[in-house]
Amino acid sequence: MITLPVDAHLPELVERLRGAQSLVLQAEPGAGKTTRVPPALLPLISDDKLVVVLEPRRLAARMAARRVAEEMGTRVGELVGYQVRFEDVVSAATRVKFVTEGVLTRQLAQDPNLSRVGAVVLDEFHERHLQTDVALGLLARLQRSTRRDLKLVVMSATMDAGPVARFLGDCPQMKVPGRVFPVEVEYAAKEEPAQNPRPLERQVADAVRRLLEQGLDGDVLVFLPGAAEIRAARAACTTLAQQHDLLMLPLHGDLTPEEQDQAVRPSRKRKLILSTNVAETSVTIDGVVAIIDSGLARIAGHASWSGLATLKLGRISRASATQRAGRAGRTRPGRCIRLYTRHDHDTRPEHTPPEVKRMDLSETALLLHGMGERDLAAFPWFETPDASQLQAASSLLRLLNAVTPEGVLTPTGKDMLRFPLHPRQARVLVEAVARGFRDEGCVVAALLGEVDIWASERRGLSTTTRSRKKDVHGSDVLAAWEAFETARAGNFNPRDVEALGLDPGVVSRVERVRKQLAGIARNVNPPRQGASDEDTALGMAILAGYADRVAQRRKGPAARADVPEFLLATGGTARLAPWSQVADSPLLVALDAEDRTGGKQDGVRISRASAIEPEWLLDVVPDALQDSVDVEWNAQAQRVDCFSRLRLFQLVLEETRVDHSDDPRVAETLAKAALSMGVAAFCDPEELEHLRARIGTLREIMPELGFPSLDDNALKDAMRRHCEGRRTIAELKEVSFVDTLVAELTPAQRQALEAQAPQSIRLPGGRKCTVHYVAGQPPWVESRLQDFFGMREAPRIMNGRQKLNMHLLAPNQRAVQITDDLAGFWQRHYPAIRKELMRKYPRHSWPEDPVTATPPQPGQRARSS
Ligand code: ADP
Ligand code: MG
């Protein structure tokens, strides 16, 4: 075995880990972390336990296992094994097991105590995959509780070791010193990528040619984003490689282990290795002297619409670019050609943010709930996700009926957890199984994980060609399912696949996932019902996973006839992509959509849909439906309307007008409208003011009667009561508001109102005289002077407590005096006024002693001249 930089430090590492639970190790790529540390941990753990090594990629896990097995002189699957998705190469003898994230997380879910594991190594921690963060939290907690003996090693070439060591209770840190040689970086591109017309593979070939021309004396490592780009670059470099006797070797996850090993193994010829970012830190190839960096990678993310995982072409960070360049400077100075501009490089982010900060968390959340975690905010996160991310995950899981509002897994959630899928897909599959369509459900769930199964040419088909196929299923997914099944029946004969218009790469991925799902689905509970036909059951299953993505075709005057528009359950509108088969459906689930706001055709475009029937909602997501009676003011009809509505989030699925006159909101709504018109609109305003003044005076003079206030607020309250049992403004106007106010008084108050604050009094001659009330002033009466003959004192009301002010009028209706002191008037002013009046109105009688005089009877009075 060759000596690696890490070797000299292994005794110290083992010693320090013997006295601690955890250790953080930092060493350059190629130092021997992955291949040397895991076997070195075996003496630290008991014989019946394993060392589990978490690798961020399948390829890394597989290669590391093969390498370590080889170095130990055994075969893979014996002492050293690996387990990744779709592949399990371990045996009872295995003591060192390399795994990928999904495998470790599932192991933690099945056996939270990790009873068969003695040590866990988290390799390449700087990648900060979501599940690695989760594993770190779970393992740290496990070490604090039941597994104090569990050893944990966190390794990376580039990470900042401090925070992890602190998170692990200030555990020891080790740094293996490494030597890096300078790498001369040049930028090949003159234009920004958007302007650069030269295909990537041509740019690669150009760079290789330049390296050859300038004297290449070692291997070249080319970083490309994926297998397709690698194939293209390989084709573009073939002639060049032949001319210069280069050995061209691809390196990516879809190759056979032998092909992968070949890329890494030393060779007599100079190698031209075309690799994905696995060679960035996971795999070290000795002899590399030059790097060609496309600056691109497939970066894990999620579709913003569905939350399902995506792998999108993206620009790597500056930190990654530095790592890539560094692969040429391990043993001697090297060079690196970047196929982009310096400006492009300098404007990139320093680091790609960790997944925990940017990814859909629902799958992780389901897993954690499955492990008994109730409150995900309380989980020991290495880096806490944003509250909004956790919130989104929780509400989706509740909608899918996977967890209760208390954060406890439901039986449905338990079934979902068996599948290594996003919770939406898992829910679809579980529902399909429950409805008796297990195998079909596996295909549909696998198809949902792919953006599109159709070959790109088919996407380009004109809408007329496609429209001929319309209404086959009313579902884009089920159409794809049918095509896939046809291909499967023909054993995926390439000619069939092509004739069906399917993308062979996607078809094989779907088939691989389908097989895995089918294996798991076999153990899921038998169907609870199986009455419906295939399309209905699968349509319902799809709905179960996407109930928040229901869209309703817009009706009514706002709708456009040419392009159907859909209202989305979460708000807003969307159009359907022209290739969709379900354009005619009034209700559908939008499985994929993109927001194209800002582009030429703005707005949300639904790119994949599946029609649904309204009744399915009641069957599949009854809890998401909301029944309500809405009370609304109809300004045009001047009335309150009540509607009974059935809603799914923001969509109104059903609406009927109902009579809900006893609903308190009806009166409230009517009152609000009435008050905005003003109370005076509902009675004679003068009459109202009169009543308010009478009661106002009574409240002041006779507080013991307990009259209520009639201030503005009290009137508003009274108007609300006035509205009770009424629904329209017209009804409200049928009864005077003043009558309502009076009716609200007690009988005693009503009686007192008439007795103590009379509307009129009778003067000695029998004449009825209106009493005027004004708030804050004494009430007053007005009549001719003669009418007051026979009175000694001013009349009093309110049990004699309130004198009335008298407006004494001459026969011409002019006031001769305003007074509440009648005796004083008779005595001091009357004699003089009398003379004057006698002269002006000789036909009237102006007695000398008005107190004893008889006033004229009503009707007898002389007219003024
Ligand atoms: P690290 O994890 O620190 O990056 P590794 O343990 O993966 O380092 O690799 C250490 C060294 O072992 C590498 O520099 C490389 O030379 C060699 N090596 C690892 N795997 C292989 C392999 N499959 N074939 C040939 N050499 C290998
Ligand atoms: Mg490594």
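One-based numbering, in listed order, for ligands and for the atoms of each.
Counting heavy atoms of neighbouring residues, nucleotides and ligands inside a 6.0 Å radius, atom CZ of Arg179 does not exceed 12 of them.
Nearest heavy-atom pair, Leu224 versus Ala233, reported as atom, atom and distance to 0.1 Å: CD1-CB, 3.7 Å.
Distance check: Glu55 CD to Ser282 OG gives 6.5 Å after rounding to the nearest 0.5 Å.
Residue Glu28 places a heavy atom under 4.0 Å from ligand 1. At least one heavy atom of Arg330 sits under 4.0 Å from some atom of ligand 1. Ala31 counts as a contact of ligand 1, since one of its heavy atoms falls under 4.0 Å from the ligand.
Checked against a 3.5 angstrom limit, the closest N/O atoms of Arg265 and ligand 1 fall outside it. Geometrically, ligand 1 and Asp123 share no nitrogen or oxygen pair separated by less than 3.5 Å.
Checking Ser46 against Asp48 by side-chain atom types alone, a donor-acceptor pair falls below 3.5 Å.
Here Glu186 pairs with Arg210 in a salt bridge; the nearest charged N to carboxylate O distance falls below 4.0 Å.
Residue-level proximity to ligand 1 for Ile2 is absent, since no heavy atom of it falls below 4.0 angstrom. Residue Thr35 touches ligand 1 through backbone and side chain together, judged by heavy-atom distances below 4.0 Å. Contacts with ligand 1 closer than 4.0 Å are made by heavy atoms of both the backbone and the side chain of Lys33.
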Item to check | Worked verdict on Arg66 versus Gln260 for side-chain hydrogen bond (donor to acceptor under 3.5 Å, both in side chains) | outcome: CA-CA 11 Å; Arg66 288 171 69 85; Gln260 290 167 352; over 6 Å; no
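Distance check for Thr35 against the Mg ion (ligand 2): none of its N/O/S atoms falls below 2.8 Å.
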